[in-house]
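Just so you know, residue 1 is the first one in the sequence shown, and it goes up from there.
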Amino acid sequence: MTQRARILLVGYRKFSELVTAVMPEYEVQADIQLVESVASGSVDYHALIREHRPDVVASAGANAVYLQKTLKLPVITQPVTETDLVDAVARANRIGRRLAVFTYAGQSENLERLFKSLRIMINGSLLCEQYSTTDEAAEKLLALSANNEVDVVVGPSYICHLAERKGIDTVLLYSKQSVRCMLEEALSKARSTSREGHSDPRPFITQSPQMSRIAELARIYARGRAPVLLQGESGTGKEHIAREIHQSSDYCQGALVSVNCGSIPAELFESELFGYVDGAFTSSRRGGRVGLVEQANGGILFLDEVGEMPLAHQVKLLRVLQERRVRPVGSNREIDLDFKLIAATNADLSGAVECGEFRDDLYYRLNVFNLSVPTLRDRPEDISAIAQHYLAAYGVEYGTSVDCAALYSLLEFDFHQYRWPGNVRELQNFCERLVVNLVGGAGIEKQTVVEVLPELYADENPQYQGLSVLKQQEHRAIEEAMLRHGGDKSVVSRQLGISATTLWRRLREMRWKESLVSQRTRYTTVSRSIQSRG
């Protein structure tokens with residue numbers, strides 16, 4: 001799966017409605033989670049961080065300032081632009097004559113000149129109320145209401161909510177464009193944070209000679225501009241190798257931009273990859289958009305699941321790779337490109353070329369350097385090192401002390417007998433599940449391990465018999481996602497990077513029963529309980 005930026009948005013009602021209207025524009029680039037909340041000490045935001053694991057948080061006004069003081073993660077503030085303010089005041093003046101604009105004090109330093117102009121332009125009166133906390137804003141609003149001094153309030157979502165409860169008309173201060181500015185900044189910050197956060201030489205946790213050799217070759221292949229093709233089953237760690245190449249390359253100061261080639265809808269392919277200019281098509285957003293290929297300029301473009309790219313898309317991508325230039329949709333100019341290309345696939349690309357399902361010219365352009373990543377079952381020396389790394393890491397994340405050596409002694413034999421159809425990703429999931437059940441200081445016994453990891457001890461499931469290894473892996477990945485997300489198909493399809501229709505077909509092939517979701521009830525309940533306690 002492609003590593004999309006993870007953004008957690010914290011806001012209230014009208015803010016949520018505004019953000020929801022814009023979110024579909026960013027679904028290819030980011031996994032965006034929206035939490036309705038007014039930032040205060042009554043909400044455990046650290047638990048929300050553990051639940052959603054964002055790269056960056058975004059909010060507005062006093063909410064953003066509170067979160068910046070509370071969290072260690074970067075917090076992006078939604079801007080208040082002069083255009084937003086003028087538009088909001090104009091709309092409010094069409095509703096009433098006595099206006100009050102509420103702005104956070106930290107955002108209002110340069111707005112006094114604008115307010116002077118607005119007071120001359122509007123038909124009525126205009127009060128500017130600055131606040132440092134939501135409680136202070138509520139007190140000022142209460143005073144205005146009690147004295148019957150205002151007809152319309154302009155402000156952020158929570159202030160609008162309070163005003164409406166007093167029977168006062170409201171206009172939201174922010175616009176869709178300011179949401180886009182906030183999300184663009186959040187994306188940029190998330191990518192830079194991701195670059196900084198992966199400098200730990202452990203994206204290769206290995207004791208096996210096979211992976212040690214791959215690590216060595218990855219650093220060699222990182223030199224220069226020649227493309228690198230990574231081949232191997234899903235979950236083997238191809239994305240970690242891509243990060244290692246990025247860090248060791250001449251392009252390490254640029255972005256590592258990941259593209260899931262199988263998840264971009266056909267009608268959005270050109271606009272997402274190549275970008276577009278303002279007014280390029282009817283639904284294009286104001287100001288246009290920088291495409292993913294241009295975002296990788298000076299860095300690395302990582303084409304994940306490249307074998308899933310339709311033929312019609314392949315020819316368009318090939319042209320850009322050959323010419324090292326891109327023309328955004330609707331533009332009359334071309335942009336010069338300089339980036340290193342990494343492609344990854346779990347498919348047999350040479351076989352796909354023979355079958356006419358993958359262009360041979362694109363294959364030869366991608367396959368300059370080739371790294372075949374072995375499955376976890378083919379490098380058993382790595383199981384111990386990887387397992388103990390993740391047990392320790394999740395112990396820190398969930399706030400429990402884990403004796404990794406003692407715990408692993410209960411698992412070692414069974415882990416080495418297991419076939420690991422989900423490879424390193426499955427091992428990582430197993431470790432997280434185990435640690436979740438350790439929270440609270442309770443010791444863990446063999447029987448608990450059996451209950452927490454039933455897959456580890458189950459006989460070969462009849463539903464997988466007769467299937468290829470790749471097909472078994474696909475079915476297990478879908479089953480794991482369906483159980484983890486309580487059967488929510490929309491969430492599962494987004495996580496796996498497949499369409500809802502494809503997921504429905506796969507579930508029908510698997511003869512999926514919704515009742516299977518109950519198998520993970522205990523794990524889900526324990527996990528949510530832990531997160532709610534913080």
Legend entry - Check: Ser188 side chain, Glu184 main-chain N or O, donor-acceptor pair, under 3.5 Å: no
Legend entry - Ile264/Asn260 under side chain to side chain contact (heavy atoms under 4.5 Å, CB included): CA gap, chis, key distance, verdict: CA-CA 7 Å; Ile264 303 178; Asn260 189 318; 6.0 Å; no
Inset, instruction - In sequence, state the C-alpha distance, the side-chain angles, and the governing distance for Asn367 and Leu349, and then conclude on side chain to side chain contact (heavy atoms under 4.5 Å, CB included). - result: CA-CA 10 Å; Asn367 193 29; Leu349 282 193; over 6 Å; no
Legend entry - Residues in side chain to side chain contact (heavy atoms under 4.5 Å, CB included) contact with Leu318, at least two apart in sequence or another chain: Gln322, Arg359, Asp361, Leu362, Arg365
Legend entry - Side-chain heavy atoms of Val35 within contact of Leu9, under 4.5 Å: no
Inset, instruction - State whether the side chain of Arg494 and the backbone N or O of Asp31 hold a donor-acceptor pair below 3.5 Å, judged by distance alone. - result: no
Inset, instruction - Please tell me if the side chains of Asp304 and Ser258 come closer than 4.5 Å, counting only heavy atoms from C-beta onward. - result: no
Legend entry - Polar side-chain atom of Ser249 near backbone of His246 as donor-acceptor pair, under 3.5 Å: yes
Inset, instruction - Walk me through it: do Arg433 and Glu455 pass the test salt bridge (charged side-chain N to carboxylate O under 4.0 Å, His left out)? - result: CA-CA 12 Å; Arg433 251 191 273 171; Glu455 308 99 310; 2.9 Å; yes
Inset, instruction - Test Thr375 against Asp378 for side chain to side chain contact (heavy atoms under 4.5 Å, CB included), laying out the working first. - result: CA-CA 5 Å; Thr375 64; Asp378 291 329; 2.9 Å; yes
Inset, instruction - Please determine if Glu294 and Arg325 form a salt bridge, counting it only when a charged side-chain N lies under 4.0 Å from a carboxylate O. - result: no
Inset, instruction - Please lay out, stage by stage, how Gln388 and Ser384 fare under the test side chain to side chain donor-acceptor pair (under 3.5 Å). - result: CA-CA 6 Å; Gln388 294 191 61; Ser384 175; 3.1 Å; yes
Inset, instruction - Calculate, to the nearest 0.5 Å, the distance between atoms CG and CZ belonging to Leu456 and Arg419 respectively. - result: 14.0 Å
Inset, instruction - Calculate, to the nearest 0.5 Å, the distance between atoms CG and CG belonging to Leu366 and Leu341 respectively. - result: 6.0 Å
Legend entry - Heavy-atom closest pair, residues Glu305 and Ser234: OE2-OG, 4.1 Å
Legend entry - Reported CG-to-SG distance for the pair Leu273 and Cys261, which is rounded to 0.5 angstrom: 7.5 Å
Inset, instruction - Over all heavy atoms of both residues, which pair between Glu381 and Ser208 is shortest? Give the atoms and the distance, please. - result: OE1-CB, 3.6 Å
Inset, instruction - Indicate yes or no: at least one non-hydrogen side-chain atom of Phe339 is less than 4.5 angstrom from one of Ile300. - result: no
Legend entry - Spatial distance of atom CG (Leu391) from atom CD (Gln428) [nearest 0.5 Å]: 11.0 Å
Legend entry - Contact check, side chains of Phe358 and Cys355, non-hydrogen atoms, under 4.5 Å: no
Legend entry - Flag side-chain contact, heavy atom, 4.5 Å: Asp488 against Val492: no
Inset, instruction - Please check if the side chain of Asn297 supplies one atom and the backbone of Asp336 the other of a donor-acceptor pair under 3.5 Å. - result: yes
Inset, instruction - Give me the one residue out of Leu301, Ile335, Leu321, Val257 that meets side-chain contact (heavy atoms from CB on, under 4.5 Å) with Val293. - result: Leu301
Legend entry - Rounded distance (nearest 0.5 Å) linking atom CD of Gln207 with atom CD1 of Ile383: 11.0 Å
Legend entry - For Lys489 against Leu503, the heavy-atom pair lying closest together: O-CD2, 3.4 Å
Legend entry - Any donor-acceptor pair under 3.5 Å from Asn423 side chain to Leu376 backbone: yes
Legend entry - Backbone of Ile498 reached by a side-chain donor or acceptor of Thr502 within 3.5 Å: no
Legend entry - Residue pair Ser350 / Asp348: nearest heavy atoms and the distance that separates them: OG-OD1, 2.8 Å
Legend entry - Closest heavy-atom pair and its distance - Tyr394, Val435: O-CG1, 3.5 Å
Inset, instruction - Could you tell me whether the side chain of Trp420 and the main chain of Pro380 form a donor-acceptor pair under 3.5 Å? - result: no
Legend entry - Side-chain donor or acceptor of Glu426 paired with backbone N/O of Gly235 under 3.5 Å: no
Inset, instruction - Return yes if some donor-acceptor pair links the side-chain N/O of Lys340 with the main-chain N/O of Ala226 below 3.5 Å, else return no. - result: yes
Inset, instruction - With Arg425 as the cation and Phe430 as the aromatic partner, state whether NZ or CZ is under 6.0 Å from the six-membered ring centre and within 45° of the axis. - result: no
Inset, instruction - Find out whether Val320 and Leu337 are in side-chain contact, i.e. whether some heavy atom of one side chain is under 4.5 Å from a heavy atom of the other. - result: yes
Inset, instruction - Side-chain contact test, heavy atoms from C-beta onward, threshold under 4.5 Å: evaluate it for Leu187 versus Tyr26 and give yes or no. - result: yes
Inset, instruction - Begin from the C-alpha positions of Arg377 and Tyr418 and carry the test side chain to side chain contact (heavy atoms under 4.5 Å, CB included) through to its verdict. - result: CA-CA 8 Å; Arg377 58 186 168 272; Tyr418 190 57; over 6 Å; no
Inset, instruction - Give a yes or no on whether a salt bridge exists between Arg225 and Asp338, defined as a side-chain N under 4.0 angstrom from a carboxylate O. - result: yes
Inset, instruction - For Leu311 and Glu357, work out which heavy atoms get closest and say how close. - result: CD2-O, 3.7 Å
Inset, instruction - State, with a plain yes or no, whether a side-chain heavy atom of Leu34 is found less than 4.5 Å away from one of Ile32. - result: no
Legend entry - Atom pair CG (Leu411) and CG (Leu453), whose distance is rounded to the nearest 0.5 Å: 7.0 Å
Inset, instruction - Using atom types as modelled and distance alone, determine if a side-chain donor or acceptor of Lys238 lies under 3.5 Å from a backbone N or O of Glu233. - result: yes
Inset, instruction - Answer yes or no: is there an ion pair linking Asp55 with Arg6, defined by an N-O contact shorter than 4.0 Å? - result: yes
Legend entry - Between Gln231 and Asn370: side-chain donor-acceptor atoms closer than 3.5 Å: yes
